[in-house]
Amino acid sequence: ARYRPTWELALDPLVSCKLCLGEYPVEQMTRISQCQCIFCTLCLKQYVEILIKDGLETAITCPDSSCPKRGLLQENEIECMVAVDIMQMYKKLQFEREVLLDPCRTWCPSSSCQAVCQLQDSGPQNPQVVQCNACNTEFCSLCKASWHPGQTCADNLPITFLPGDRKS
């Protein structure tokens, strides 16, 4: 931080960033709307980018571990501070998490497809045939292997032996 005369400080006070502990003018700070915690924009941007790039979080919380409200950054707040490609990565992570948590949707197991497939309403715990609309692969909703009518998922697993195993 540069030296500033006392009278200038009164007109433009510096605010402390809880992450880097630096002091900056308010214009260089970003306030999280949900909890009102304030950080220097550079620190908050780096924090958000790391979480997105590491694929760790889709609900990005206030970086202050002692924040009483544990505020979440809103999508528009994130969009204002990260590059377009990082925002696309964030939206992709959000979508993947939605599919993962939705009992009526699953991913096609074909490595060349990866489309989202809809499950029937018979209950996610019951194995059911799923046909991918994108590649026409038929697979089991539970084990993701090829559809195996009349067999349990365990019965359908291929038998593999470890090296040195004498059973054949």
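Quick caveat: nothing in here was measured; it's all calculated off a predicted structure.
Between the CG atom in Asp54 and the CG atom in Leu93 there is a gap of 10.0 Å [rounded to 0.5 Å]. Atom CD of Glu49 is separated from atom CE of Met89 by 9.5 Å, given to the nearest 0.5 angstrom. Atom OG of Ser146 sits about 9.0 Å away from atom CD of Glu138, to the nearest 0.5 Å. Note that the SG atom of Cys43 and the CD atom of Gln28 stand 11.5 Å from one another [nearest 0.5 Å]. Note that the CG atom of Leu44 and the SG atom of Cys80 stand 11.5 Å from one another [nearest 0.5 Å]. Annotation: the span from Cys17 atom SG to Asp64 atom CG amounts to 10.0 Å, rounded to 0.5 Å.
The closest donor-acceptor contact from the side chain of Arg31 to the backbone of Gln36 lies under 3.5 Å. In this structure a side-chain-to-backbone donor-acceptor pair under 3.5 Å is missing from Gln128 to Leu119. In this structure, the side chain of Gln114 engages the main chain of Cys108 through a donor-acceptor pair within 3.5 Å. A distance-only check finds a donor-acceptor pair linking the side chain of Arg70 to the backbone of Cys62 [under 3.5 Å].
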Go through the steps to decide whether Cys135 and Ser112 satisfy the test side chain to side chain contact (heavy atoms under 4.5 Å, CB included), and finish with yes or no. CA-CA 9 Å; Cys135 70; Ser112 60; 6.0 Å; no

For a side chain to side chain contact (heavy atoms under 4.5 Å, CB included) check, start with the C-alpha distance between Leu19 and Gln46, then their side-chain angles and the critical distance, and finish with the verdict. CA-CA 11 Å; Leu19 292 175; Gln46 288 174 342; over 6 Å; no

Side chain to side chain contact (heavy atoms under 4.5 Å, CB included) between Thr106 and Val116: does it pass, once the steps are laid out? CA-CA 6 Å; Thr106 190; Val116 176; over 6 Å; no

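Residues Cys140 and Val129 form no side-chain contact, since every pair of their non-hydrogen atoms from C-beta on lies 4.5 Å or further apart. When side chains are defined from C-beta on, Ser16 counts as touching Glu23, because their heavy atoms get closer than 4.5 Å. Using a 4.5 Å heavy-atom threshold, the side chains of Gln118 and Arg105 count as touching. The shortest distance between side-chain heavy atoms of Ile78 and Ile52 falls below 4.5 Å. Using a 4.5 Å heavy-atom threshold, the side chains of Pro127 and Cys143 count as separate.
Using a 4.5 Å cut-off between side-chain heavy atoms of Ile, Leu, Val, Met, Phe, Trp and Tyr, with links allowed through other members, Phe39 and Val82 fall into the same hydrophobic cluster. In the hydrophobic clustering of this structure, Met87 groups with Tyr47; members are Ile, Leu, Val, Met, Phe, Trp, Tyr whose side-chain heavy atoms approach within less than 4.5 Å, directly or through other members. Under a hydrophobic-cluster definition in which Ile, Leu, Val, Met, Phe, Trp and Tyr are linked whenever side-chain heavy atoms come within less than 4.5 Å, directly or via other members, Val15 and Leu42 are assigned to different clusters.
When Glu75, Glu96, Glu98 are each tested for a salt bridge (charged side-chain N to carboxylate O under 4.0 Å, His left out) with Lys91, only one passes: Glu75.
Under a cut-off of 6.0 angstrom, the local environment of CG in Asn133 is sparse, with at most 12 non-hydrogen atoms contributed by other residues, nucleotides or ligands. Counted within 6.0 Å of CZ on Arg97, heavy atoms from surrounding residues, nucleotides or ligands total 12 or fewer; the atom is thus considered open.
Taking every heavy atom of both residues into account, Lys18 and Cys37 meet most closely at NZ-SG, 3.7 Å. Nearest heavy-atom pair, Ser110 versus Thr137, reported as atom, atom and distance to 0.1 Å: CB-OG1, 4.1 Å. Looking at every heavy atom in both residues, Leu14 comes nearest to Pro25 through CD2-N, 3.5 Å. When all heavy atoms of Ile60 and Leu51 are compared, the closest pair comes out as CG2-CD1, 3.8 Å. Nearest heavy atoms, Cys67 versus Gly71: SG-N, 3.9 Å.
In this structure, the side-chain contact (heavy atoms from CB on, under 4.5 Å) partners of Ser33, at least two apart in sequence or on a different chain, are Gln74, Glu77.
Annotation: ring pair (Phe, Tyr, Trp, His ring centres under 6.0 Å) contacts involving residues 129-157, sequence neighbours excluded, are absent. Residue pairs meeting the ring pair (Phe, Tyr, Trp, His ring centres under 6.0 Å) criterion with at least one partner in residues 77-101, sequence neighbours excluded, are Phe95-Trp107.
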